Amino acid sequence: MLTLWGRASSVNVQKVLWALDELDLPCTRIDAGGRYGVVDSDAFAVMNPTRRVPVLQDGDLTLWESEAILRYLSAREWRFVPQTLPARAQADQWLAFGATAVQPPFLTLFWQHVRLAPGRRDAGVAAAARRDLTAALRVLDGQLARQDYLAGPTLGLPDIAVGALLHRIAALDLMPDDCPALDRWAAALSERPGWQRHVATSFEELRAPTHSEGA
Ligand SMILES: N[C@@H](CCC(=O)N[C@@H](CS)C(=O)NCC(=O)O)C(=O)O
């Protein structure tokens with residue numbers, strides 16, 4: 001029995017919900033974080049000392065960090081596992097690139113465009129993040145010009161991890177121009193029922209600043 005702690009408006013929770021959907025795994029989700037609180041409780045800190053969501057419980061296992069959760073679910077179900085060691089290493093490479101080069105500037109921009117009150121926004125910070133995000137997305141475009149998905153011919157974990165950001169990137173008009181392979185990939189991901197159910201959702205509840213951080 002899988003239990004996922006985390007508000008459905010969190011992109012890191014959305015990655016996991018989309019993966020669970022692709023894997024056809026039933027899961028009970030418990031709201032936590034943001035306006036739901038819970039993360040401030042002592043009981044939550046025992047599960048995750050960083051007080052962040054998502055947290056996955058599977059029997060005796062308690063796991064946090066969204067990408068560790070994605071890897072766990074993939075290994076548990078033996079799905080999204082490329083067949084050769086080099087292909088697995090390259091899937092890890094794209095997962096790491098998404099986490100270190102795409103998600104950080106995206107989060108900065110999400111705060112600058114949505115979560116911070118207009119008076120607290122900084123145009124210089126937003127411009128620098130926009131440059132970094134565009135550069136990273138252009139790297140993805142180059143890879144996607146060679147193959148349909150980031151780590152091979154079919155959907156894999158890096159597509160889910162990075163693809164979970166695309167709804168907000170597009171909604172905030174942050175997709176770079178002249179990236180046809182990126183656009184084709186984004187369109188393919190947006191056809192997936194799990195993406196539609198868990199990622200393509202409103203983020204209006206996040207517009208007002210909250211007591212905590214995250215996107
Ligand atoms: N690296 C962590 C980041 C987790 C994170 O920052 N989560 C945000 C939501 S996206 C959070 O818990 N924010 C505090 C809150 O929602 O109260 C992961 O990938 O799971």
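Only heavy atoms go into these numbers, but all of them, side chains included; no hydrogens, no water, no symmetry mates. Atoms within each ligand, like the ligands themselves, are counted from 1 in listed order. Every value quoted in this text rests on a predicted model; they were computed, and no experiment measured them.
Listed by chain and number, the residues in a side chain to side chain donor-acceptor pair (under 3.5 Å) with Asp183 amount to none (sequence neighbours excluded). Evaluation of the side chain to side chain donor-acceptor pair (under 3.5 Å) rule for Trp94 yields no partner, not counting sequence neighbours.
Heavy atoms of Arg7 found under 4.0 angstrom from ligand 1 belong exclusively to the side chain.
For a threshold of 3.5 Å applied to N or O pairs, the pair formed by Glu65 and ligand 1 contains at least one separation below that value. Checked against a 3.5 angstrom limit, the closest N/O atoms of Val53 and ligand 1 fall inside it. Not one N or O of Ser10 is nearer than 3.5 Å to an N or O of ligand 1, by distance alone. The N/O atoms of Gly33, backbone and side chain alike, include none that comes under 3.5 Å of an N/O atom in ligand 1. Note: no N/O pair closer than 3.5 Å links Lys15 and ligand 1 by distance alone.
Listed by atom number, the atoms of ligand 1 under 4.0 Å from Gly34 heavy atoms are 15 (C), 16 (O), 17 (O). Interface of Pro54 with ligand 1, defined as ligand atoms under 4.0 Å from a residue heavy atom, comprises 20 (O).
Checking side-chain atoms of His167 against main-chain N and O of Thr201 turns up a donor-acceptor pair under 3.5 Å.
Annotation: cation-pi geometry not satisfied between Arg192 and Trp195 (NZ/CZ under 6.0 angstrom from ring centroid, within 45° of ring axis).
Ion pairing between a basic and an acidic side chain is recognised when a charged N comes within 4.0 Å of a carboxylate O; Arg138 and Asp178 show no such pairing. Between Arg197 and Asp21, at least one side-chain N (NZ, or NE/NH1/NH2) sits under 4.0 Å from a carboxylate O, which counts as a salt bridge.
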